[in-house]
Amino acid sequence: MAPLSRLALVLSVGLSGSLAQTPAASTSASVYTDSKRCAECHREIAANYARTGMARSFYIPASVNKIEDYAGTPEYYHALSDSHYAMTIRNGQYFQRRWQLDAAGKEIDVEELSIDYVMGSGNHARSYLHRTERGMLIELPLGWYPNLGGNPDSGAWGMVPGSDTAHPQTRRFVSYKCMFCHNGYPNIPAGNDAPGSDPVFAGALPTGIDCQRCHGPGAEHVRTAGRAAMVNPAKLSPERRMEVCMQCHMETTSGRIPAVLQAFDRGTFSYIPGQPLGDFAISFDHAPGTGHEGKFEAVSSVYRLRQSRCFLESAGKLECATCHDVHRIPRGEEAVRKYSSVCLQCHTDRHPAGVSATAADCITCHMPKRRVDDAPHVIMTDHLIQRRAPANALTEFAERPPEEYRGPVVPYYPTPLANTPRNDLYRAVAQVGLGNNVAAGLPVLARLIEENKPREPEFYMVLGDGWKMAGNLQESAKAYRQALQIAPDSARAMRALAAADDAHAEQILAHAVDVAPNDAESWFRYGVLTGSAERIQKAIDLDPWLPDQSRRLAEVSHSEVALKDALRTDPFDDAAWDLGGRMLAEKGKLADAFFDFERAVKLNPSGRYLYDYALALVRADRFDEAQTKAEMSVRADIAFADAHELLGGLYARKKELPDAVREYTAALSLNPGSNSGSARVELRLGTVLAAAGDKAGAQAHLREAAKASDAAIARQAEQALRDLGLR
C-alpha cells in the first residue's frame, strides 16, 4: 500500500516474461457477461454473496451503501500537511474538497473533485475515487475506517495509506493491479494491457468482485443456458483451488520489492481460475535474515497462513475453503463459532486447565485481530495460527515511511520455482527491476538476455534501467535501443532512451511525439527539454492530470496562472512553492514571497530552498534573518557553493571576517576554475583578506580575479590590487 510512481507500479506488477509458449496476453471481454445474469438461476447463492465484502468491494456511492457520517463531520484537519478536507453531498453527487489557509486565514489552493466510485466494502476501509475525463481513476487523500480509534463502532475519517504524511498524494492513480483485486474485470482500451500503459478504463466499470473472478468467463455458459461448463473450484486440485484465492489474497509485502511479477506476455486481466497461477505471475519476497520476518500486512492472509504449523503439517488439506464459504461470510459470534468448530476437528485435548474445548473461542487467541503494518488505521485477522496473540495488537501507531530495501529478493511462489531459462530471467529481473539488488543481479540479467534473446521488449527496458542505476548510460541507451528494435513505436522506450542519451534527446523526443502524437508525457518531456511552454501546454491539453506539468509550465513561462494551477492540484509540491517565492521576490512582492518560501521549507528544508529564502530576506534588508537561513542552507547541503558564498557575504557585512573567509574559501573549493562564479568569489575573498590584514593572501586571490573573463570583476580586482599598492 506504499505509494509508488507509475513506473514503479509497472515494475511491481508486470516484470516477467516468457521464452516458451504461454496463453494469450489478454482474455477478450466478449467471453465475460454481466454477472447479474447469474442470479437468474442461482438466486439464493447470489443473494447471500451480495452481502459479502467481496461483492461490495467497488461501487458508485449512493444513500443505500453510505455508512459514513457525512453530515456529522463538516471538516477534517490533517495537521501533518496543514490541510483541510470536507466530504459533502450535493444533489445526490458526492464530493471531496481540499484546501489550505494563508497567513490571514483565507482559503487557498482549493480543489473539489467528485467521488465517482468507492473502493472497499467498509469492513476494513473505504477509499474514494475520482474518474478523469480520460478514464483514469485517482484515489483521493481522505478515506474512511470503521475501527479508527480502536472502537469497532466508531468509524471515522482518516488519511489513506501513503497520504498520512506532510506531502499527501493528490494524484495517486489507481493501477490495473489495484483493480485486479478490488473488482470484476473491467474493459480497457485495445493495446492498453502492455506493461507501462496508463491505467485507463473504458465504459462503465463493474461494481464488485463478481462470480466470474472465481468461476471463469460466463458468456458462453449464459448463451448455452448452462450447457457450457463454468469453472467449479470445488472440483479443482487443492493447489489450483487455493490459487483462486491466492490471486488476490497472497502478497508477500506491499513494500518496494517486486512482490508480484506478472508475465510480460500476459495482460493484467488475463488470469482465469483453474490455470496455474505461476504461468500468470511469480511472487517474490525479501531474503531470509534481512529483518523482514514476521511482517503482517493488509494483503498477507495466505502468506501468513502458509507459515502456520497447522498448514505445513496438513499435507495440503488445510486451505482457504476449509474455513471460508465465499458465498456466505458469517460475522460476529456466528463467525467465532463456525471457525472455532474447524479448529476443534483436530484440537480437542490440548487446552490449558480451565478452558473448555467445546466452548473455546479459538480465533481470538490463535488468529487475533491486529493492526496491519502497512495501513495502521486498518484492523484485520492475522491468518498465522499462533499459540498466543501478540501484545498490543490493536495499539495505534503512526504510518511508517516506505523502506528503501537494498538486498536480494527470493522466489516465494510457485514453491519451489523450477530452474528453467524463463524462471532464471524472472529471478534476475526481480533483483534489478526496482533497484533492490542491482550489483548482483545486473550482470546476470545481461548475460541471460544475451544467451536467450527474449522477444519481449520489457526485458531490455529493465536492463536499461539497471544500467542507468549503475551509472552506465552508454549500456543503458544500448538496451533501450534493443527494446525499440522489438517495439519501434514504443513512446515509453523512446522517453527512456532520451533520458540516457543527452546528445540526441531532442531528436528522440521529437520522433516520439511524431509517432505517438497523443502521448502527453512525451510532449511534457519534450517541452521541458526544449524550454517550450507551447509543448508543455500541449501535454496539459492531452492529460491535465499528469504530475508536475503546471509547475514546469510556470518555470518556463513565469506564468502566475500556471503556478496557481500547479498549487491547486498539488499544494504539497515544495518545488512549486519555492518557484512561487522566487517569482514573487523578483516582482518585489516580498511578503507574499516569504509566505511561499515558508511553505517550501516546511515541506522540504533543502539547502536550495533555504538559500532562495535567504536571498529574498536580503532584498528586504532583513540581514540577520537572512544569515540564519543561509546557515541552515549550509547545514542542509554542505556542498552547496552558492550558500557558502551568500553566507560569507553576510558575515563580511557584519565585519565577522574569519567567518567570512571560511565560507568564501569553502565556496571556492566547491566551485574551482575560471568561470565567473569562481572569479567573483576570488574577488570577495581577496577583499575580505585585505580587510583582515592578510596582504599576501589577498594578493593571490585578487590576481586570480583579475584574470576573469567578466570585465567588471577584472576591473574591480585590478583596482583592489592598486589600492593595496600591488599594481
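Here, residue 1 is the first one in the sequence, and each next residue gets the next number. Source: prediction; values computed, not measured.
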Requested in this report: Mind listing the closest non-hydrogen atom pair of G53 and N123 along with its distance?
Outcome: CA-ND2, 3.6 Å
Query raised in the report: Out of curiosity, S550 OG to K564 NZ, how far, rounded to the nearest 0.5 Å?
Result: 13.5 Å
Query raised in the report: Do H249 and Y303 have ring centres separated by under 6.0 Å?
Result: no
Requested in this report: Would you please indicate yes or no on a ring centroid separation below 6.0 angstrom for F284 and Y413?
Outcome: no
Query - Sub-6.0 Å ring centroid separation between F280 and F180 - result: yes
Query raised in the report: Regarding R535 and the six-membered ring of Y526, is the cationic atom NZ or CZ under 6.0 Å from the ring centre and inside 45° of its axis?
Result: yes
Query - Considering all heavy atoms, the nearest V409-A430 contact - result: CG2-O, 3.4 Å
Requested in this report: Take R370 and L394 through the side chain to side chain contact (heavy atoms under 4.5 Å, CB included) test and state the conclusion after the steps.
Outcome: CA-CA 5 Å; R370 298 176 53 190; L394 297 177; 5.5 Å; no
Requested in this report: List the steps, then state whether side chain to side chain contact (heavy atoms under 4.5 Å, CB included) holds for H286 with T252.
Outcome: CA-CA 8 Å; H286 298 99; T252 60; over 6 Å; no
Query - Aromatic ring proximity, centroids under 6.0 angstrom, Y117 and Y59 - result: no
**Report entry** Distance-only donor-acceptor check, side chains Y32 and D210, under 3.5 Å
**Finding:** no
Query - R97 NZ/CZ over W99 ring centroid, <6.0 Å and within 45° of normal - result: yes
Query raised in the report: Of the non-hydrogen atoms in L80 and D164, which two are nearest, and what is the gap between them?
Result: CD1-O, 3.4 Å
Report task. Measure centre to centre between the rings of H84 and Y76, then say whether the value is under 6.0 Å. Result -> no
Query raised in the report: Any side-chain heavy-atom pair from L129 and F58 closer than 4.5 angstrom?
Result: yes
Query raised in the report: Any side-chain heavy atom of P168 sitting closer than 4.5 Å to one from F572?
Result: yes
**Report entry** Main-chain N/O of R256 paired to N436 side chain as donor or acceptor, under 3.5 Å
**Finding:** yes
Query raised in the report: Of the options F173, F95, W545, which is the one that meets H130 in a ring pair (Phe, Tyr, Trp, His ring centres under 6.0 Å)?
Result: W545
Query raised in the report: Between CZ of F524 and CG of L546, what distance do you get to the nearest 0.5 Å?
Result: 6.0 Å
Query raised in the report: With sequence neighbours excluded, what pairs up with E111 under the salt bridge (charged side-chain N to carboxylate O under 4.0 Å, His left out) test?
Result: R98, R171, R568
Query - V174 side chain near I138 side chain, heavy-atom distance below 4.5 Å - result: no
Query raised in the report: Counting N and O atoms only, with roles assigned by atom type, does the side chain of D373 sit under 3.5 Å from a partner on the main chain of F296, one being a donor and the other an acceptor?
Result: yes
Report task. Mind checking the CZ-CZ spacing from R495 to R525? Nearest 0.5 Å is all I need. Result -> 5.5 Å
Query - Any donor-acceptor pair under 3.5 Å from S57 side chain to I209 backbone - result: yes
Query raised in the report: Any side-chain heavy-atom pair from P273 and P233 closer than 4.5 angstrom?
Result: no
Requested in this report: Step through it carefully: locate the ring centre of Y85, locate the ring centre of Y77, and say whether they are under 6.0 Å apart.
Outcome: no
Query raised in the report: Backbone N or O of S81 within a donor-acceptor pair of the Q100 side chain at under 3.5 Å?
Result: yes
Query raised in the report: Taking side chain as C-beta onward, heavy atoms only, is R131 less than 4.5 Å from F201?
Result: yes
Report task. Would you mind reporting whether S522 and M494 have side-chain heavy atoms less than 4.5 Å apart? Result -> no
Query raised in the report: Just by modelled atom types, is the H167 backbone N or O under 3.5 Å from a matching donor or acceptor in the T165 side chain?
Result: yes
Query - Side-chain donor or acceptor of E399 paired with backbone N/O of G162 under 3.5 Å - result: yes
**Report entry** Residue pair V378 / Y145, side-chain heavy-atom distance below 4.5 Å
**Finding:** yes
Query raised in the report: N65 side chain to I60 main-chain N or O, any donor-acceptor pair under 3.5 Å?
Result: yes
Requested in this report: Using atom types as modelled and distance alone, determine if a side-chain donor or acceptor of E68 lies under 3.5 Å from a backbone N or O of G122.
Outcome: no
Query raised in the report: What closest approach, in Å, do C211 and S35 show between heavy atoms, and which atom pair accounts for it?
Result: N-CB, 4.5 Å
Query raised in the report: Is there a side chain to side chain contact (heavy atoms under 4.5 Å, CB included) between D578 and D596 once you walk through the steps?
Result: CA-CA 6 Å; D578 179 68; D596 284 16; over 6 Å; no
Query raised in the report: Rounded to the nearest 0.5 Å, what separation is found between the CD atom of Q549 and the CG atom of D541?
Result: 9.0 Å
Query raised in the report: Looking only at atom types and distance, does a side-chain atom of W523 sit under 3.5 Å from a main-chain N or O of Q537, one as donor and one as acceptor?
Result: no
Query raised in the report: Is any side-chain heavy atom of P199 closer than 4.5 Å to a side-chain heavy atom of M179?
Result: no
Report task. Tell me yes or no: between the side chains of T33 and R37, is some donor less than 3.5 Å from an acceptor? Result -> no
Query raised in the report: Is it true that the side chains of S163 and Q169 contain a donor and an acceptor less than 3.5 Å apart?
Result: no
Query - CD1 on I379 to CG on L148, rounded to 0.5 Å - result: 9.0 Å
Query - Ionic contact status for D82 with R599, cut-off 4.0 Å - result: yes
Query raised in the report: Taking NZ, NE, NH1 and NH2 as the nitrogens, is one of them in R304 or D382 under 4.0 Å from a carboxylate oxygen of the other?
Result: yes
Query raised in the report: Does D198 pair with R134 as a salt bridge, N-O distance under 4.0 Å?
Result: yes
Query raised in the report: Are the side chain of R126 and the backbone N or O of W144 linked by a donor-acceptor pair below 3.5 Å?
Result: no
Report summary line: All heavy atoms of R328 vs all of P330, minimum pair found to be O-CD, 3.5 Å
**Report entry** Value rounded to 0.5 Å, distance of OG in S300 from NZ in K295
**Finding:** 9.0 Å
Query raised in the report: Is R551 paired with D548 through a side-chain N to carboxylate O contact shorter than 4.0 Å?
Result: yes
Query raised in the report: So, for D374 and A298, which heavy atoms are closest and what is the spacing to 0.1 Å?
Result: OD1-N, 3.1 Å
